[in-house]
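Chain naming here is simple, since letters A, B, ... match the order of the sequence lines and numbering starts at 1 in each.
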There are 2 protein chains.
Amino acid sequence: MKDLLKLENQICFPLYAFSRELTNLYRPFLEEMDLTYPQYLVMLILWVEKQQTVNQLGEKLYLDSGTLTPLLKRMELKGMLMRKRSQTDERMVIISLTDAGEKMKEKASCIPGKLVETLGLSIDELIQLKKIVNKAMKR
Amino acid sequence: MKDLLKLENQICFPLYAFSRELTNLYRPFLEEMDLTYPQYLVMLILWVEKQQTVNQLGEKLYLDSGTLTPLLKRMELKGMLMRKRSQTDERMVIISLTDAGEKMKEKASCIPGKLVETLGLSIDELIQLKKIVNKAMKR
DNA sequence: CAAATATATATTGCACACAATACAATTGTG
DNA sequence: CACAATTGTATTGTGTGCAATATATATTTG
């Protein structure tokens, strides 16, 4: 029986290391747009949705307000998006893109392709990977 | 042609979210031992290797000294390990477990099993997952 | 052997993550 | 309608990650 308490026998560690490696792979492309990877994920949502509350962003990204609030404030400072309290329910903050934020979409369009290229995995492997991870996330 | 700039079409985002979810799944088990997930990874190495320099730990975990130094100091404060400069080369810091640190191994032995159970993936899927991730990491 | 170079760790600064808590606005209930 | 419970965001504190820089020690080279 092999020792499960060995780094090389771990399944979660490769995923953890790979996840960090992924944000490192995105970094050079995102730096050109002054975005971090989590900020890029926010932009992905806003390029489609136009209006999102902090809570809606958090549900989609699995992040809470303790992470999102300062992140969104930094993006607001950079002029990419606006934060405005809802008129109808003042507990909510509505996030929406500025024109500058909208314009970034075009520049970002090449990023997914570049990343897949860098990863060097086949389409089949990517589909497999996504399928398995999605199953585990659905617990 | 589907829009690659949509969150639901991303392959990296599920991996990123899943990686965070994994450390959340470990948290309840590790809290009993006063460990975080990265600290647990350090312990996995030291339970096998006995002596490791900061650099050796960093190579195995893909982490740099800016991350490891404070992390190891916190673990030293908790009495799990010792940090001592090498006599032969004073640039190096040798990390080794205390008796208390050694003893934690027994309590940790059940963790890998519990995690796999929680994940709810088949052995085949786990092997697939590890194989694909390892391939991508080897670029 | 002295000076340049390389190596190993530490420090600093910034950006996440997340638990715990706080707080204001809203909703549900008697 | 008062008021307790809920909801949505913000704040605080701790712990990573990582780039850039600093510092001390070794090693290489002329």
Check this for me: [X], atom [atom1], are more than 12 non-hydrogen atoms of other residues, nucleotides or ligands nearer than 6.0 Å?
{"X": "A:Lys103", "atom1": "NZ", "answer": "no"}
{"X": "B:Lys50", "atom1": "NZ", "answer": "yes"}
{"X": "A:Lys84", "atom1": "NZ", "answer": "no"}

Nearest-0.5 Å distance, OG of residue A:Ser109 to CG of residue B:Asp3: 9.5 Å
Minimal heavy-atom distance between B:Lys78 and B:Asp34, with the atoms involved, is NZ-O, 2.8 Å
Shortest non-hydrogen separation from B:Val133 to A:Pro14 and the atoms involved: CG1-O, 3.6 Å
Pairwise side-chain contact, B:Gln56 with B:Gln51, heavy-atom cut-off 4.5 Å (strictly under): no
Please list, by residue number, the residues of residues 14-52 of chain A whose heavy atoms come closer than 4.0 Å to an atom of DNA chain C; answer none if no residue qualifies. A:Thr36, A:Pro38, A:Gln39
Within residues 63-90 of chain A, residues whose heavy atoms come under 4.0 Å of DNA chain C: A:Leu63, A:Asp64, A:Gly66, A:Thr67, A:Leu71, A:Arg74, A:Thr88, A:Asp89, A:Glu90
Is there a donor-acceptor contact under 3.5 Å from the side chain of A:Glu76 to the main chain of A:Leu71? no
Within the distance-only criterion (no hydrogens, no angle test), does the side chain of B:Thr98 pair as donor or acceptor with the backbone N or O of B:Gly101 below 3.5 angstrom? yes
For residues 29-72 of chain A, the ring pair (Phe, Tyr, Trp, His ring centres under 6.0 Å) pairs (sequence neighbours left out) are A:Tyr26-A:Tyr37, A:Tyr26-A:Tyr40, A:Tyr37-B:Tyr16
First contact, last contact: which nucleotides of DNA chain D are these for chain B, 5' to 3', heavy-atom distance under 4.0 Å? D:dG15 to D:dA26
Here the distance between atom C1' of C:dC16 and atom CG of A:Leu61, to the nearest Å, is 13 Å
Using the C1' atoms of five pairs at each end, what's the angle between the two axes of the helix from C:dC1-D:dG30 to C:dG30-D:dC1, to 10 degrees? 10°
Give me the other members of the hydrophobic cluster that A:Ile127 sits in, counting Ile, Leu, Val, Met, Phe, Trp and Tyr linked by side-chain heavy atoms under 4.5 Å, directly or via other members. A:Ile123
Hphob cluster co-occupancy, A:Leu129 + A:Met137, side-chain heavy atoms under 4.5 angstrom: yes
